[in-house]
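Have a look at the structure below, then the notes.
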Amino acid sequence: QIHLVESGGDLVQPGGSLRLSCAVSGFTSETYSIAWFRQAPGKEREGVACLSGAGGTGAANFYADSVKGRFTGARGNATNTLYLHMDNLKPEDTAVYYCSMGCIIEAGILTPRFQKYWGRGTQVTVSS
């Protein structure tokens, strides 16, 4: 069965860095696009990044404008693990971060509406 487990969230100072991990089982992550989302208190779940899979037709990874240039996705295919390296963190990055199988991008937005498989999330808090 498909499982995704996020880890790596922590309390960090503004300007700091974190690397989140998404451990995948039940499918070969290299084949599929993997999405990262986040949800802050009182806000809707927001698409952050998509790591394109070998089985898709996407030509490049996707990053939301709010994180572009600061967040970078990576793959550890040998361990079936996905990473999200976050640099120059800001207080507005505070959220629970989730990974999910597959990416649906509509009008330039990575939407969570059709995702079926989720991890349980990892908390990222950016504060002085």
Side-chain angles (χ1 to χ4, degrees):
Q1 192 168 357
I2 294 173
H3 294 282
L4 305 96
V5 180
E6 302 93 342
S7 62
D10 205 351
L11 171 64
V12 297
Q13 295 181 343
S17 298
L18 283 173
R19 188 179 73 168
L20 305 183
S21 298
C22 174
V24 171
S25 61
F27 68 99
T28 301
S29 60
E30 183 179 8
T31 305
Y32 298 90
S33 298
I34 303 295
W36 285 95
F37 297 84
R38 66 186 182 187
Q39 189 163 22
K43 296 184 178 180
E44 295 183 353
R45 192 163 297 186
E46 174 190 17
V48 172
C50 175
L51 283 62
S52 297
T57 59
N61 294 335
F62 170 89
Y63 298 95
D65 288 342
S66 59
V67 306
K68 193 174 298 181
R70 300 189 297 117
F71 290 11
T72 304
R75 291 178 176 269
N77 292 328
T79 55
N80 216 21
T81 303
L82 295 307
Y83 302 98
L84 185 68
H85 193 278
M86 306 183 296
D87 292 318
N88 192 25
L89 284 162
K90 303 176 179 180
E92 52 263 43
D93 296 319
T94 296
V96 177
Y97 283 73
Y98 303 87
C99 59
S100 183
M101 177 183 176
C103 301
I104 303 296
I105 300 174
E106 298 178 333
I109 302 298
L110 175 62
T111 178
R113 296 176 183 176
F114 303 102
Q115 302 301 111
K116 294 185 176 181
Y117 304 102
W118 296 93
R120 295 168 186 168
T122 185
Q123 177 72 53
V124 172
T125 302
V126 185
S127 176
S128 299

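Here the structure is a predicted model, which means the values were calculated and not measured. The first residue in the sequence is number 1, and the count goes up from there.
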Drop me the distance from [X]'s [atom1] to [Y]'s [atom2], to the nearest 0.5 angstrom.
| X | Y | atom1 | atom2 | value |
| --- | --- | --- | --- | --- |
| I2 | Y117 | CD1 | OH | 4.0 Å |
| E106 | R113 | CD | CZ | 7.0 Å |
| Y98 | C22 | OH | SG | 13.0 Å |
| S17 | R70 | OG | CZ | 10.0 Å |
| L82 | I34 | CG | CD1 | 4.5 Å |
| D87 | T72 | CG | OG1 | 6.5 Å |

Side chains of [X] and [Y], heavy atoms from C-beta outward: is any pair under 4.5 Å?
| X | Y | value |
| --- | --- | --- |
| V96 | E6 | no |
| Y97 | M86 | yes |
| D93 | F71 | yes |
| L110 | W36 | no |

| request: Dump the intermediate steps for side-chain contact (heavy atoms from CB on, under 4.5 Å) on E46 and S66, then the final yes or no. | output: CA-CA 10 Å; E46 174 190 17; S66 59; 3.4 Å; yes
| request: Count the heavy atoms of every other residue, nucleotide or ligand shown that sit under 6.0 Å from CZ of F27, and state whether that count exceeds 12. | output: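 Correct, the count exceeds 12.
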| field | SB check D65 K68 (cutoff 4.0 Å) | value |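 A salt bridge links D65 with K68.
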| Qualifying residue for side chain to side chain contact (heavy atoms under 4.5 Å, CB included) with V126, from L89, L11, D10, L18 |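 With V126 as partner, L89, L11, D10, L18 yield a single side chain to side chain contact (heavy atoms under 4.5 Å, CB included), made by L89.
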| task | With R19 as the cation and Y83 as the aromatic partner, state whether NZ or CZ is under 6.0 Å from the six-membered ring centre and within 45° of the axis. | result |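 Yes, a cation-pi geometry.
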| query | Does the Y63 side chain pair with the main chain of G73, one donor and one acceptor, at a distance under 3.5 Å? | reply |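 Yes, because the side chain of Y63 sits within donor-acceptor range (under 3.5 Å) of the backbone of G73.
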| query | What about L84 and F37, same hydrophobic cluster or not, with Ile/Leu/Val/Met/Phe/Trp/Tyr joined at side-chain heavy-atom distances under 4.5 Å? | reply | no
